[in-house]
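As structure tokens, the structure follows; a few thoughts come after it.
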Amino acid sequence: SSGINAECPQWLVNKKGREWRPALPRFIEGVIVDLQTRKPKKPNSGNRKVARVQITKHGEKKVVTARIRGEKNTLQQHHRVLVQYARARNLPTVKWVIVRGQMDAQY
């Protein structure tokens with residue numbers, strides 16, 4: 001009765017329950033723009049490696065900050081990576097994670 005296909009679980013509703021919009025795909029392709037290190041929040045120490053990744057979704061370009069997991073990496077600028085929407089808990093404002101073992105982000 002709402003006009004939305006019940007078989008498609010890829011739809012989310014906003015907080016007020018009025019508008020429907022498609023959910024983010026699980027993985028999005030992107031290109032590394034810059035590599036940085038950041039310090040985590042208070043009780044933790046040790047620099048965390050992050051990358052600024054430019055993702056293209058439906059023709060709209062967006063630059064996000066993504067965490068690079070693991071101890072060693074060979075990522076450089078202009079490498080193609082796969083990013084996933086997942087929060088890094090001790091790094092504020094970092095809401096994406098680079099998927100290791102795919103594309104240019106090898107182990």
Side-chain angles (χ1 to χ4, degrees):
S1 64
S2 63
I4 301 298
N5 186 359
E7 297 173 5
C8 179
Q10 299 298 320
W11 289 85
L12 296 176
V13 65
N14 69 1
K15 289 182 181 177
K16 294 183 180 179
R18 293 184 187 151
E19 297 175 14
W20 293 81
R21 60 182 169 82
L24 282 172
R26 180 162 179 167
F27 303 107
I28 300 179
E29 219 175 292
V31 178
I32 293 181
V33 178
D34 188 26
L35 292 164
Q36 305 169 350
T37 58
R38 294 231 178 133
K39 291 184 179 177
K41 288 200 296 189
K42 211 30 177 321
N44 298 320
S45 63
N47 293 335
R48 309 284 193 247
K49 276 70 174 179
V50 296
R52 298 282 289 162
V53 179
Q54 181 178 19
I55 58 176
T56 305
K57 181 178 165 245
H58 307 299
E60 172 188 341
K61 291 184 178 177
K62 184 178 178 183
V63 178
V64 297
T65 305
R67 166 115 158 80
I68 305 170
R69 288 186 177 156
E71 292 185 9
K72 294 182 181 178
N73 67 76
T74 57
L75 292 174
Q76 296 177 2
Q77 196 174 7
H78 306 301
H79 275 191
R80 291 176 49 228
V81 292
L82 215 55
V83 292
Q84 176 182 9
Y85 190 81
R87 192 167 71 103
R89 301 187 101 190
N90 52 13
L91 289 172
T93 71
V94 177
K95 304 228 179 336
W96 297 81
V97 172
I98 292 179
V99 179
R100 298 294 299 265
Q102 298 292 324
M103 302 174 112
D104 290 335
Q106 297 301 321
Y107 282 103

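One is the number of the first residue; the rest follow in order along the sequence.
A donor-acceptor pair under 3.5 Å is formed between the side chain of Gln77 and the backbone N or O of Val33. Arg100 places a side-chain N or O within 3.5 Å of a backbone atom of Gln106 that can act as its donor or acceptor partner.
How far CG of Leu35 is from NE2 of His79: 9.0 Å, rounded to the nearest 0.5 Å. If you take NZ on Lys39 and CG on Asn90, they are separated by 14.0 Å, rounding to the nearest 0.5 Å. Note that the CZ atom of Arg69 and the CD atom of Gln84 stand 7.0 Å from one another [nearest 0.5 Å]. The CD1 atom of Ile55 lies 12.5 Å from the NZ atom of Lys61; values are rounded to the nearest 0.5 Å. In this structure, the separation between CG on Asp104 and CG on Asn73 is 12.0 Å, given to the nearest 0.5 Å.
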Could you go step by step and tell me if Arg52 and Val64 meet the side-chain contact (heavy atoms from CB on, under 4.5 Å) rule?
CA-CA 6 Å; Arg52 298 282 289 162; Val64 297; 5.9 Å; no
Determine whether Thr65 and Arg38 satisfy the following criterion, side-chain contact (heavy atoms from CB on, under 4.5 Å), listing intermediate values before the conclusion.
CA-CA 11 Å; Thr65 305; Arg38 294 231 178 133; 4.0 Å; yes
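Minimum interatomic distance between Pro40 and Gly46 (heavy atoms only, all atoms of both residues): CD-O, 3.1 Å. Between Ala66 and Val83, the closest heavy-atom pair is CB-CG1, 4.2 Å.
Among residue pairs with one or both ends in residues 70-80, those qualifying as salt bridge (Lys or Arg N to Asp or Glu O under 4.0 Å) are Glu29-Arg80; sequence neighbours excluded.
Under a hydrophobic-cluster definition in which Ile, Leu, Val, Met, Phe, Trp and Tyr are linked whenever side-chain heavy atoms come within less than 4.5 Å, directly or via other members, Val94 and Ile98 are assigned to different clusters. No chain of hydrophobic side-chain contacts below 4.5 Å, direct or via other Ile, Leu, Val, Met, Phe, Trp or Tyr residues, connects Tyr85 to Val97. Val50 and Val31 sit in two unconnected hydrophobic clusters of ILVMFWY residues. Membership requires side-chain heavy atoms under 4.5 Å apart, directly or through other members.
Met103 shares a hydrophobic cluster with Phe27, Leu82, Val99; the chain of contacts runs through ILVMFWY side chains whose heavy atoms sit under 4.5 Å apart.
Atom CZ of Arg48 is surrounded by more than 12 heavy atoms from other residues, nucleotides or ligands within 6.0 Å.
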